[in-house]
Amino acid sequence: MKRKILTIGCVIMLAVMLITLTGCGNSENENYSEDIQNIRNQTVGLLNGKTFGAILDVALENSKWSENDNYSLTSGAVIVKGKDKNSGEDIEITWLKKAEEASSNFEKMTKGGEEIGYSQFLSYLQEYEDQVEQ
């Protein structure tokens, strides 16, 4: 009986150590794919060196980054969904994995069900860029 309790205790202790060391359940330590990281690390001069990912981490609540490899005939997509921190509106932003030359990866953004263009997307990011810590 003592041996059984000791074995169960060891298994529980190992599970706790695994969760602690890997950060499971902690959204701050998500392991993003290379394609998602590439999009998250993008920036434009308008954003003063702050990345799309850093700004969207501030702007969106309950954000979920995902990929759709069958988005179109020519390219997969990286998609982020969440709720706008200030308005509570549903936000969805889609980038193509393979952009045409001299083109942005940006595909589309919907805010509260309404599709908006690239310049409005950049304006949206600018609303939150000053809240990003460097």
Side-chain angles (χ1 to χ4, degrees):
M1 183 68 172
K2 244 184 179 182
R3 191 172 189 175
K4 220 179 212 183
I5 292 172
L6 184 60
T7 302
I8 292 171
C10 286
V11 169
I12 291 172
M13 186 171 61
L14 287 172
V16 169
M17 286 175 46
L18 179 65
I19 290 170
T20 303
L21 292 174
T22 61
C24 290
N26 184 353
S27 62
E28 297 297 318
N29 293 326
E30 288 189 53
N31 292 320
Y32 295 115
S33 72
E34 184 178 340
D35 288 321
I36 291 175
Q37 281 292 3
N38 288 340
I39 298 297
R40 287 183 55 83
N41 291 331
Q42 284 185 11
T43 189
V44 293
L46 201 59
L47 301 175
N48 299 310
K50 296 175 182 158
T51 65
F52 293 167
I55 295 170
L56 291 171
D57 286 347
V58 170
L60 299 178
E61 295 176 338
N62 302 318
S63 64
K64 173 92 172 111
W65 290 80
S66 63
E67 295 178 77
N68 179 346
D69 289 330
N70 300 314
Y71 182 75
S72 74
L73 291 174
T74 59
S75 177
V78 170
I79 302 164
V80 62
K81 296 178 182 180
K83 291 213 177 273
D84 181 73
K85 179 176 118 180
N86 292 332
S87 69
E89 292 178 295
D90 288 328
I91 302 288
E92 181 175 328
I93 307 165
T94 304
W95 295 268
L96 296 176
K97 289 184 178 184
K98 297 177 186 173
E100 295 178 26
E101 284 186 41
S103 174
S104 164
N105 292 56
F106 178 83
E107 173 75 352
K108 66 181 179 175
M109 175 178 176
T110 56
K111 182 177 181 186
E114 180 183 335
E115 192 168 320
I116 61 176
Y118 186 65
S119 59
Q120 293 165 311
F121 162 67
L122 293 177
S123 294
Y124 176 77
L125 294 178
Q126 283 183 301
E127 291 177 31
Y128 291 98
E129 93 162 287
D130 61 336
Q131 297 175 37
V132 175
E133 296 178 21
Q134 287 224 346

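Numbers here are sequence positions counted from 1. What you see below is based on every heavy atom in this structure, not just the backbone, and it leaves out hydrogens, waters and symmetry mates.
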Next on the checklist: Working note: F52 + I93, criterion side-chain contact (heavy atoms from CB on, under 4.5 Å); need CA distance, chi angles, decisive distance, verdict.
Outcome noted: CA-CA 11 Å; F52 293 167; I93 307 165; over 6 Å; no
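- Put simply, CD on E107 and OG on S75 are 8.0 Å apart, with the number rounded to the nearest 0.5 Å.
- We find the CG-CG distance between N48 and D130 to be 10.0 Å, quoted to the nearest 0.5 Å.
- Atom CD of Q42 and atom CH2 of W95 lie 8.0 Å apart (nearest 0.5 Å).
- Note that CG of L60 is 6.5 Å distant from CD1 of I91, once rounded to the nearest 0.5 Å.
- Here side-chain hydrogen bond (donor to acceptor under 3.5 Å, both in side chains) pairs that include residues 108-126, with residues two or more places apart or in two chains, are D84-Y124.
- Annotation for S63 and V80: closest pair CB-CG2, 4.2 Å, computed over non-hydrogen atoms.
- When atom types are taken as modelled, the side chain of D90 and the backbone of G112 share no donor-acceptor pair closer than 3.5 angstrom.
- Between F106 and I116 the shortest heavy-atom distance is CZ-O, 4.1 Å.
- Of the possible polar contacts, none joining the T51 side chain to the T43 backbone as a donor-acceptor pair under 3.5 Å is found.
- Separation of atoms NZ (K64) and CD (E92) is listed at 13.0 Å; rounding is to 0.5 Å.
- R40 contributes atom CZ, which lies 4.0 Å from atom CG of D57 (distance to the nearest 0.5 angstrom).
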Checklist entry - Are N105 and K97 close enough, and set up right, to give a side-chain contact (heavy atoms from CB on, under 4.5 Å), and what steps lead you there? => result CA-CA 7 Å; N105 292 56; K97 289 184 178 184; 5.9 Å; no
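- In this structure, the side chains of Y128 and N86 come closer than 4.5 Å at one or more pairs of heavy atoms.
- Here the rule is side-chain contact (heavy atoms from CB on, under 4.5 Å) with N68, and of T94, V78, I79 only I79 fits it.
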Item to check | Step-by-step side-chain contact (heavy atoms from CB on, under 4.5 Å) determination, K85 to V58 | outcome: CA-CA 8 Å; K85 179 176 118 180; V58 170; 4.1 Å; yes
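- No more than 12 heavy-atom neighbours from other residues, nucleotides or ligands sit within 6.0 angstrom of CG on N62.
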